[in-house]
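Read through the structure below, which is laid out as structure tokens, and then see the notes.
Note that ligands are numbered from 1 as they come in the structure, with each ligand's atoms numbered from 1 the same way.
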Amino acid sequence: MVSLDTANRIVSQILNSSLTGVSLRDFAMSQLAQVPNYNWVGTYLLGGNELILDTYVGEPTDHTKIAVGVGVCGTAVAVNANQVVSDVGELTNYLSCSAKTRSEIVVLIRLGEQILGQIDVDGHVVSAFDHTDETMLERIASVLADRWEEA
Ligand code: SME
């Protein structure tokens, strides 16, 4: 789990940058990738009934398109709620990006009621993420949404 100091520093760096759109998302992922246990970080964009991989830092994934309702990512959209998974080994509806991944957090990027996409983070240890991580990612998601640009 991220420390409050680190969380505040990363949110400030993202807020204080003058970047927008995909450049901002790319910068945000490069900042998040430096947090301990953030072993894969990325954004997915919602287009129709599927999520499309956008910016990421980490090993390439086969899951470049994920249907709504499938996996942790698709479930977040289907149920309109962030997902914090302590142990992915306990899930049946899970898409493996890396055999090393043990826990995962997905935070929706919302503009009002609309879901624009999500931030997805994978960790190599069980219970890598808690409420501090979720709150930080929600703050970042809000900045990304405010500075969104259509692809
Ligand atoms: N684990 C995700 C798929 C995305 S990869 O982890 C990058 C899921 O179950 O939806």
>> Would you say Ser3 and Thr6 are linked by a side-chain donor-acceptor pair, where the criterion is simply a distance under 3.5 Å?
In response: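 Side chains of Thr6 and Ser3: pair found under 3.5 Å.
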>> Under a 3.5 Å threshold, yes or no: a donor from one side chain and an acceptor from the other, between Glu59 and Asn39?
In response: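 No, no side-chain donor-acceptor contact under 3.5 Å.
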>> Under the rule for side chain to side chain donor-acceptor pair (under 3.5 Å), what residues qualify as partners of Ser98, not counting sequence neighbours?
In response: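 With neighbours one apart ignored, the set is empty.
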> Who pairs with Arg147 by side chain to side chain donor-acceptor pair (under 3.5 Å), at least two apart in sequence or on another chain?
Replying inline: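 Counting only residues at least two positions away or on another chain, Arg147 forms no side chain to side chain donor-acceptor pair (under 3.5 Å).
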> Has Gln13 got more than 12 heavy atoms of other residues, nucleotides or ligands less than 6.0 Å from its CD?
Replying inline: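 Yes - once you tally the heavy atoms of other residues, nucleotides and ligands closer than 6.0 Å, there are more than 12.
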> Tyr44: what forms a ring pair (Phe, Tyr, Trp, His ring centres under 6.0 Å) with it, not counting sequence neighbours?
Replying inline: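 None.
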Are any protein N/O atoms closer than 3.5 Å to the N/O atoms of ligand 1? If there are, list each pair with names and the distance to one decimal place.
unit_1, atom_1, unit_2, atom_2, d
ligand 1, 1 (N), Leu95, O, 2.7
ligand 1, 1 (N), Glu104, OE1, 2.9
ligand 1, 1 (N), Glu104, OE2, 3.2
ligand 1, 6 (O), Asp122, OD2, 2.9
ligand 1, 9 (O), Val72, N, 3.0
ligand 1, 9 (O), Leu95, N, 2.9
ligand 1, 9 (O), Leu95, O, 3.4
ligand 1, 10 (O), Val72, N, 3.0
ligand 1, 10 (O), Cys73, N, 2.9

